[in-house]
Every structure is written in structure tokens, then in C-alpha cells.
Amino acid sequence: MTSFDLNSINAALTDSGVPENGVDFSGKSLKLDTEKDAQPIVDAINACKHLHYLALTGNTLGVAAAEAISKALKGHPELKIARFSDMFTGRMKTEIPPALSALGEGMITAGAHLTVLELSDNAFGPIGVEGLTKLLQSDVCSQLEELRLNNNGLGITGGRLLANALAAKPRKLRVFIAGRNRLENEGASALAQVFKDMGTLEEIAMPQNGIYHVGVSALSKAFEHNPNLSCLNLNDNTIGVKGAAAIAAAMPKLKNLKSINFGDCLLKSKGAKTLAAAFKDNSILLESLDMSHNEIGHSACMELVDAVTALPDAVERLARVSLSGNNFGSVDNKRIMKEKLGPSAEFSDGECSDGEPSEGDGDDAYDSGADDSNSEDSTDSADSEDSKPEDVQHQGPVVVDITSEIEEQFEGLADMGTEVQIFLETPTMENLKALGPRAADLIEAHIKEKRDQTEMFTALVEATFCVSGLSEGSSLAMEVAQKLYKRLLVRVRDGSPTPWLIANAMLRGLGLIKSENKDYRIRWNTAGCYSALAKAFITLDFPPVIRDTIRLFISSQLQQLPDNKLVMRYPQLYDSILLTIKTKIKEMTDMVKLQLKFGGGAELLFDKIKKRELELPALKKYFPDCQREKWNIRYLLVWIKDNLLRERPELFLQGDSVRPGILVLINDADWELYGELEYELQDDDVIMFISTLHGG
């Protein structure tokens, strides 16, 4: 006869999972700068005989306050749960590591053994991980079961540091949460190795991390070593077809999976079918599945539904199946799927075509090139289908051959080539105007006729300088020059010319190095070239090889030659970019170097350029009447409007802030954690603007 332990059953029924004794100051919005500010928390900790948990979420903690709390923690070895999320709003980067170290030191001295460590929504980035390393490697975390690091701005470097810290002494985590951290392939792969050694994970959530199939494949291999994994969330990463295949290969060892969130992962029909087969073949008893917004065609949607409803208990077992934002083909298809799924079905409106799809409207047509088997020859190719940024992929494959478009537009105007040649040989304003309003198109089409690739791209650089040389006194020349720079950079990004080839041609054309060709001559005004290049550096995304090489050569001229020799050797250059650079060197303490990123469709407002390296001048140089000394987000938005925003500013700005629906991240963390518009910009900050209006 089976015996029952009634006391154990009663304890289990009444256990809420939350320790009874502890201190909770969460959500009080306290600004804790000094030891005195922290005194109420210190007193509460000291008064608690059995401190099982400490919650400080939603306050802002300085170093001195953290040290005071640390002293109080030294008397509590019984501490099990530390909830320290959203705890550094408005703090400088340099304050966070010592504050974290102080809190960790208190727990280490006490000999505590945490089971839960919650640090989400703290924008501490890689530097914060350095402050946590000692704690994570100490015995305090030897029994850690849950580690929550959501929205911390870790980045690749932080991901690697975290992996190193966790790998030093193997942990047996059950729950690992690290969404919205831009870990990317490198960070995810580093953590994958740690997961493989753990073998105890039951829940992994890593949404919105910019992970592509390379990182997903590494993670999938780690999943195989964690057979108790029941909840997996990779939402809004780019899993793609190859990533789906890697996950499917791990399915035979993941029999305990109950919840999967692969929403907005660009699976497309092929990836969805691969996963559907894995679910069905391995009898995965899912309770929740999110495959929404994946550009999946109707037959693949049906295969997914058939896979998750294959077992008799499916309708009773399934709590939620979301296929919103995919193509169901027809109203009848949608109805059939809903009937099979029962109450768990979650479909939004507008996913059906009018009636049955005609021939060619199936999955192949819907994917429109979704089969990325051909475009992923290299597992880490930046040009592969599922290695492109999510918001580019969701626009579908767009291949633009600029020169073929030009040829179509100018068919029958071949005689204009003579006019182009005349301009290139004698670059004057009169000859430039003779090319008409599409001068940039004509110049590029003319140069494309050269068969040798090196010769063609060298000629394109020189043509750009021919136009740029006229830019100091002509807005028309400046506009054409910027168009040519843009076309040139498109070619570089496509991998046609190497950046070094372009850099070498530019250095030669700017007079910074001597040409090996004795017949080479500079036939353009180099001062105008520097002016146009200075503007292009600000508005266009130059590869670092080109940008940094040119800056290095210009800077070396400043360092090696006294001013009078510079004037003699470069009489026209000195008054333009050389003097500008020299002035910038003097203003270096007031300049801010940062990176701007645009995603989710926001880049469409900025010439489709997703990433820009900026060097903002001294704030008062740009805003002479400004009372501030340092740049903040408020003034940055004004600068962006003046210099980068090309059209329809109402789609990006509203008043002095961004429009609702534009997500702003500062160093990969929500700007709310930094004080939004008032955040003071620092060197090497990464400011990202993501449109959330596309439904992803």
C-alpha cells in the first residue's frame, strides 16, 4: 500500500516559492547616493533576523550607498535571493562596477549562497560584468539556480566576459535570462560552451540579441546537453533556415520542451517545415508555440499545425499557438487551422488572400527567395540570407543593379559618354553642368565600361575627386560628389573593390602619397576634395579601413610638418580640412565620438544607412547659445535632424523627442534607464533607434 507524507504534501501546497523573511524596497524610486541615504535600508537589513531575500529594484544606487548596504549584508549568510534590477538609472558608467563589487563583497564575506540573482534592466554593459566577476566566481553563486540579466547592454564583449566568469567554476543553473543584450553570434557562442558544461538548464531566454544562424547553431549543440530544457525563447533573432535545421537536429534530445518562442526569427517556409517535421518526428509535447511574423507560407503553416496537433491530447494540452503575421493562403485554410488548434489558436486578422491562392501563390512565391541554401555557402558570411539584419530581410530580397537601371534610363543617349570624358579630362563647372541633372548616373555608367575592375574603381574615385574639387563654390558639385561617394560605398559593401584599393586611390588623389605611375597627375582642386570628403565622413558610412587610413595620413602631416611648411606645400588644403582637424585636436576634450544605429525600418529615413560613426564637435561650437557644456540626447536629436534626416521628420521626431513607436537604446539598453533626453553622451556610446511600427 502506498504511504503518503501528509506534512510534505501540506508544505508543498502552501509554499508560494517566496521566502517569508526579507527586505523589500522595490519600486520606491529612492535616490541613494550617500551612506545616510541608504540608512533606512541598512536599518531594515539589520532588523531582519532571517534575511532570505533582498529586493532593491527600481531605486538608483551610488557607490557610497552600496558600500553601506554591503556592510549590513556581511551579517547575513542566510541570504538566498537578491533582486537588484533597475538599480542604476542615471548613474555614470564608472559608478556601476564599484557599486556591484561592493554588494558582492558583502555577500562573499557573509558566506551567503544565492539561488536567485536578478540584475535585469541595469545598463551596465561590459564594464558592469567586470564588477560582477568576483561574485559570480565565488561560493556565493555555487548554488545559483536563476541568473537574470535582461536588458543590460552587455554586447559581444560583455557576453564573453560573462561566459568566462561562469566557466571559471561550473554552475548548475536552471534558468538563464539574457534578452535585449546584442550578444550577437560571438557572445552567444561563448555562452553556448558554458551551457554545454552546465547540463541543468530548464529555461533559456535570449530574445532580441542579434543572433544569426552561426550563433543559433552553437546554442543548439549546447541545448542537446540540457535534456531538461522546457522553455526556450529566441524571439527576434535571425534563426533562418540554417538555424532551424540546427535546432531540429537537437530535438531528439529535447523531449521535455513545453514552450518555444521563435517569433520574428525569419524562419520562412523552409525553416518552419524543418521545425514542424522535428516536432512531429520526436513527439514534442508542446504547450505553447510562438512562430508569429516569420514570413511563413500557407502550406508550411498547415504543416506546423498538423505537427503540434498530431497527438490525441493536443487540444487539451496546447495553451497557445501563435502564427500571426504569416500567410494562411485563404479563409478556408485559416478556418481549418483554427479548428485543429481549438482555443489555443492565436491568429491576427489580415493574413489571408482573397479566396484560394492561384498557381504561383504558394510558399515558394511567398518566400520570394526564402530558400537560403544557395546564399549561405559560408556559415558566417555577412551576405547570407539569415546573416543580414532583421529589418533588411523583412523587406524581402532586394537586389539593385544601379548601373543597369542607368543603362535603361539613358538608352539612346550613348553620345553623352563623350561629354563625360570631356568633364573628366577637364573638370570645370561648365563641363559638369553640361551633363545635366543626372550627372552622377552618367559618370558611373561611363566608368562601368572599363573592363578591368581595379581600373574601373580607381577611375570612379578619381571621377569623384573631379566633381569634389568644384564643391567649395557649388552646391551642385557638392550634391553630385556625395552621390558618387554613396555609389562607391555601395560597391565596397557589396565586396567588389577591396577597401584597401579604394583607400589607396583616395590617398593618391588627395596628394597624401606619391603615385607609382610617373604620368599620374592631380587634375582637380584638392581643397574642394577635402571639403566634400569631410561632409561625406559625417553623412555616409565609410568602412573603418578607408576612414581611419585617411585620417591617419592627414594627422601624420600635421604632426610631422610645421605650419609654415604645410602652408607652402598645401596652400589650399590648410584653410579647409587640415585646419579643421587641427582645431578638432585642440577641442578633443569637448568632442564626443559615438556610433549611431538605425533599425526596424528607421534607416529608411536616413538614406538606408544603418550605422554611422560620429564625432560631434564641442556642443557650444554647434549651439553657441547653449548653457550646457556637454552633449545630451536632446541636442543630439537636433543635430540628427539638421545633418542626417533627409525627409519626413514627423516620422522620426515629435516635438523635441522621438516619435512614439521609435525605441531608443543607449549601449543596448532602454534609454529610460539613462534618463531619456537628459542622458549625457560619453565617448564610444552606441545610440540605436529602432522603429517598432512594422509589426515585428
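Nothing fancy with the numbering, it's 1 onward along the sequence.
- The closest side-chain heavy-atom distance from Ile633 to Glu676 is not below 4.5 Å.
- Each of Arg182, Lys597, Met688, Gln208 was scored for a side chain to side chain contact (heavy atoms under 4.5 Å, CB included) with Leu665, with one residue passing: Met688.
- Salt-bridge formation is not detected for the pair Lys593/Asp684: no Lys NZ or Arg NE/NH1/NH2 atom is positioned less than 4.0 Å from an Asp or Glu carboxylate oxygen.
- The side-chain heavy atoms of Leu644 and Trp639, taken from C-beta on, include a pair separated by under 4.5 Å.
- Between Lys611 and Glu603 there is no salt bridge, since no side-chain N of the basic residue sits under 4.0 Å from a carboxylate O of the acidic one.
- A heavy-atom distance below 4.5 Å is found between the side chains of Asn151 and Asp670.
- Both tests do not hold together for Arg628 against Tyr635: distance to the six-membered ring centre under 6.0 Å, angle to the ring axis within 45°.
- Taking the side chain as every heavy atom from C-beta outward, Ile443 and Thr464 never approach each other to under 4.5 Å.
- Relative ring orientation between Phe598 and Phe606 is described as parallel, the plane-to-plane angle staying below 30° on a 0-90° scale split at 30° and 60°.
- A donor and an acceptor atom, one from each side chain of Glu650 and Gln654, are nowhere located under 3.5 Å apart.
- For the residue pair Asp685 / Asn667, a side-chain donor-acceptor distance below 3.5 Å is found, with atom types taken as modelled.
- Under a 4.0 Å N-O distance rule, the pair Arg487/Glu444 qualifies as a salt bridge.
- Salt bridge status for Glu295 with Lys268: present, with a side-chain N to carboxylate O gap under 4.0 Å.
- For the pair Lys483 and Asp441, the salt-bridge criterion is not met [side-chain N within less than 4.0 Å of a carboxylate O].
- Residues Pro207 and Asp236 have side chains not in contact (no heavy-atom distance under 4.5 Å, counting atoms from C-beta outward).
- With ring centers used as reference points, Phe689 lies under 6.0 Å from Phe652.
- How far CD of Glu184 is from OG1 of Thr157: 10.0 Å, rounded to the nearest 0.5 Å.
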